[in-house]
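Working notes, beginning with the structure itself.
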2 protein chains.
Amino acid sequence: MSGKEIRRSMPLFPIGTVMQLTELSARQIRYYEEHQLISPARTDGNRRLFSLNDIDKLLEIKDLIDQGVNMAGIKQLFSVKEQQAVVLEKQSEKAKPELTDEQLRNLLRNEIMHSGRLNRSTLRQGDMSRFFH
Amino acid sequence: MSGKEIRRSMPLFPIGTVMQLTELSARQIRYYEEHQLISPARTDGNRRLFSLNDIDKLLEIKDLIDQGVNMAGIKQLFSVKEQQAVVLEKQSEKAKPELTDEQLRNLLRNEIMHSGRLNRSTLRQGDMSRFFH
DNA sequence: ACATCATGTTAGATTTTCTAACATGTAAAA
DNA sequence: TTTTACATGTTAGAAAATCTAACATGATGT
């Protein structure tokens, strides 16, 4: 892990920007944090700062909610998905240890985007991956 | 123009985030705006919101200042560079009208990054292109 | 009818950002 | 060497954005 992942988890956006980007209310965003679906960073003055990963997660949450999933369900899905990602990462490491970090990450990314990770492909709302490429 | 360029010019970041990302003071950032080197968007409540392009420009400004260029010089450089970009764009359009928008943009991007546009390659500070890839 | 969930709304406090003004160090000009 | 201009720092007061906590509400399930 590094480079791209570091950038994706960098705290950059205030809640106002995130509201616009996700079309969620401040109340909703804070509620999801309360239920530990996201954990945005804080400024010294205690204002939330969201990363691109946070925003992606919020878009996923929004989608799942639209499909009727509740907080508990989303929480489960997230932790399962997290597991999967770890497993896939390990496999990739073993399978092709001569790959570049870059190549490895791209591989992983594809696998996750397509098969595993939260059926990312069903996300109707644009996700933040647009912001990379 | 569209897609990536739209995203790069989307107003997202408050001045606090930009200060950290660029290591410039609020005073400096506002001063550069005063001299029309950047034109960040505003919220309804008149707070500045910066785009990725704005941040790239600020990093360029910082570098030029380090090299002793003053406001007027930077302004000139920016407008010349702007010209170049337009010219290159036109040429590309004529030369290969059968290219995809995507392809075209990538082409342009390379040309601009390497030869033309503000000697981008001399930027020691990381620029925001990291945020795309 | 009652409880729970997800969200809205409001109030009061705190942080962040804004503009405008004045202060200062450095370098160029007179 | 005074004087100017430039780039930046600092401060003050106002306005906007965000925070937490509390209470309100519609939908759903029991």
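As the structure is a prediction and not an experimental result, all values here were calculated from the model. The sequence lines fix the lettering, A, B, ..., with proteins before strands; numbering per chain opens at 1.
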Rounded off to whole Å, could you give me the [atom1]-to-[atom2] distance for the [X] and [N] pair?
{"X": "A:Leu37", "N": "C:dC5", "atom1": "CG", "atom2": "P", "value": "14 Å"}
{"X": "B:Glu33", "N": "C:dC18", "atom1": "CD", "atom2": "C1'", "value": "11 Å"}
{"X": "B:Arg42", "N": "C:dT17", "atom1": "CZ", "atom2": "P", "value": "13 Å"}
{"X": "A:Gln28", "N": "C:dT7", "atom1": "CD", "atom2": "C1'", "value": "7 Å"}
{"X": "A:Tyr31", "N": "C:dA6", "atom1": "OH", "atom2": "C1'", "value": "5 Å"}
{"X": "A:Arg30", "N": "C:dT7", "atom1": "CZ", "atom2": "P", "value": "14 Å"}

- Query: So which of B:Asp54, B:Leu24, B:Ile61 actually passes side chain to side chain contact (heavy atoms under 4.5 Å, CB included) with B:Ile29?
  - Reply: B:Leu24

- Message: With a 4.5 Å cut-off on side-chain heavy-atom distances among I, L, V, M, F, W and Y, is there a chain of contacts connecting B:Leu21 to B:Phe50?
- Response: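 Yes; tracing contacts between hydrophobic side chains, which count when under 4.5 Å, links both residues.
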
- Item | Joint hydrophobic cluster, A:Leu59 plus A:Leu52, side-chain heavy atoms closer than 4.5 Å | yes

- Item | DNA chain D contacts made by residues 43-51 of chain A, counting heavy atoms under 4.0 Å | A:Asn46, A:Arg47, A:Arg48

- Contact boundaries on DNA chain D for chain B, cut-off under 4.0 Å to non-hydrogen atoms: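 On DNA chain D, the outermost contacted nucleotides are D:dC6 to D:dA17.
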
- Query: Taking the six-membered ring of B:Phe78 as reference, does the NZ or CZ atom of B:Lys81 fall below 6.0 Å from its centre and within a 45° cone about the axis?
  - Reply: yes

- Is A:Arg42 salt-bridged to A:Glu33, going by a charged N under 4.0 Å from an acidic O? yes

- Query: Where each residue is assigned the nucleotide of DNA chain D containing its nearest heavy atom, which of B:His35 and A:Ala26 is assigned the position nearer the 5′ end?
  - Reply: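 Its nearest nucleotide being more 5', the pick is B:His35.
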
- Assess whether atom CD of B:Gln28 is packed by more than 12 heavy atoms of other residues, nucleotides or ligands within 6.0 Å. yes

- Task: Test B:Gln67 against B:Asp63 for side chain to side chain contact (heavy atoms under 4.5 Å, CB included), laying out the working first.
- Result: CA-CA 6 Å; B:Gln67 302 176 223; B:Asp63 217 61; 3.2 Å; yes

- Message: Taking side chain to side chain contact (heavy atoms under 4.5 Å, CB included) as the definition, give me every residue that meets it alongside B:Ser39, ordered by chain and number, with sequence neighbours left out.
- Response: none

